[in-house]
Amino acid sequence: MSVNKEVRRVTTHTLQEMKNKGEKIAMLTAYDYSMALIVDQSGIDVILVGDSASNVMAGHETTLPITLDQMIYHAASVVRACKRSLVVVDMPFGSYQGNSKEALNSAIRIMKETGGHAIKMEGGEEIVESVKRILTAGIPVMGHLGLTPQSIYKFGTYQVRAKEEAEAERLIHDAKLLAESGCFAIVLEKIPATLAKRVAQEVHVPIIGIGAGGDVDGQVLVLHDMLGITEGFTPRFLRKYLNMGEQMRGAVEQYVSDVRSADFPNDKEQY
Ligand code: KIV
């Protein structure tokens, strides 16, 4: 796919227009300059500097250990690569749960030190005060409901959320509250497709799904999962577009073999 060189930045308004017109929104994660450059040039609408960097980049088991400073480092690298996409930066665990003043300070640091365009926070009613306070500073906020990995120790598992009536009703309530509070979009992670569809119909802002079926306004995946770099992660919702892990291993094995056999460098590969 070739992308028009006259790039126009995707904004939160673009996303709302896309929802209004029924155009699907494509979102992926990125955590570094080189990958973000490729993703941005490929026509993606939104790049999420996700706190999944904690797993994917740093090898932690959960998203909890990543710090605000580390998120800022990743986000600044991504922003330097992006001409077209809207760059959304995850507020990491511990940077906003305390109180709304702390949340605002963290959001301001992200915006000032990364050049990102918006922040994302996990949670419903409990984060509404922070959402409103951050919005007063002119910082766009994306919500995140359903499976919220920062609460993994509360949930106990990474299973599908909101299968029961009470949790589903609570999720709809939270989504409406986040939208009314001014969130420009909401991520719904790993919930039944019928519930996600209902949220997308009843909530006026774009609903971006991951493991939430096709009847929402857009989709997000973790880049390293869809490229087949992540090992041993095969949830039903994940479509792998490449087997990059295997291809990279093959290339590195070939390089090792070429060095060992003195095949590399050859006469043309030297001065
Ligand atoms: O951190 C992340 O990558 C995310 C996506 C899974 C939505 O929050």
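Start at 1 and go down the list; that is how both ligands and their atoms are numbered. The structure displayed is predicted, hence computed values, not measured ones. We number each residue from 1, following the sequence as shown.
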Worksheet entry | Which segment of D90 sits under 4.0 Å of ligand 1 when only heavy atoms are counted | side chain

Discussion item. Within ligand 1, which atoms have a heavy atom of H144 less than 4.0 Å away?
Written reply: 8 (O)

Worksheet item: When you measure from atom 8 (O) of ligand 1 to every protein heavy atom, which one gives the shortest distance, and what is it?
Response: K120 NZ, 3.0 Å

Discussion item. Do N243 and Q247 pair up side chain to side chain, a donor and an acceptor below 3.5 Å, judged on atom types alone?
Written reply: no

Worksheet item: What are the atoms of ligand 1, with element, lying closer than 4.0 Å to any heavy atom of I210?
Response: 6 (C)

Worksheet, complete the sentence: The remaining residues in the hydrophobic cluster of V56, counting side-chain heavy-atom contacts under 4.5 Å among Ile, Leu, Val, Met, Phe, Trp and Tyr, are Y31, M57, V222

Worksheet item: In terms of side-chain heavy atoms, does S85 have a donor or acceptor partner in D40 at a distance below 3.5 Å?
Response: yes

Discussion item. What protein heavy atom lies closest to atom 5 (C) of ligand 1? Include the residue and the distance to one decimal.
Written reply: L48 CD2, 3.7 Å

Discussion item. Closer than 3.5 angstrom, by distance alone: can the side chain of T11 be matched with the main-chain N or O of T14 as a donor-acceptor pair?
Written reply: yes

Fill in: Charged N-O contact under 4.0 Å between R198 and E202
yes

Discussion item. Between ligand 1 and T29, is the shortest N or O to N or O distance under 3.5 Å?
Written reply: no

Worksheet item: Does ligand 1 have any atom sitting under 4.0 Å from a heavy atom of M27?
Response: no

Discussion item. Strictly below 4.0 Å, N to O, side chains only: are R170 and E125 in salt-bridge contact?
Written reply: yes

Worksheet item: Short question: side chain of E164, backbone of A162 - any donor-acceptor pair under 3.5 Å?
Response: no

Discussion item. Can you name the atoms of ligand 1, numbered from 1 with element, that are less than 4.0 Å from a heavy atom of V222?
Written reply: 3 (O)

Practice prompt. Identify the protein heavy atom lying closest to atom 2 (C) of ligand 1, giving its residue, its atom name and the separation to 0.1 Å.
Written response: S52 OG, 3.2 Å

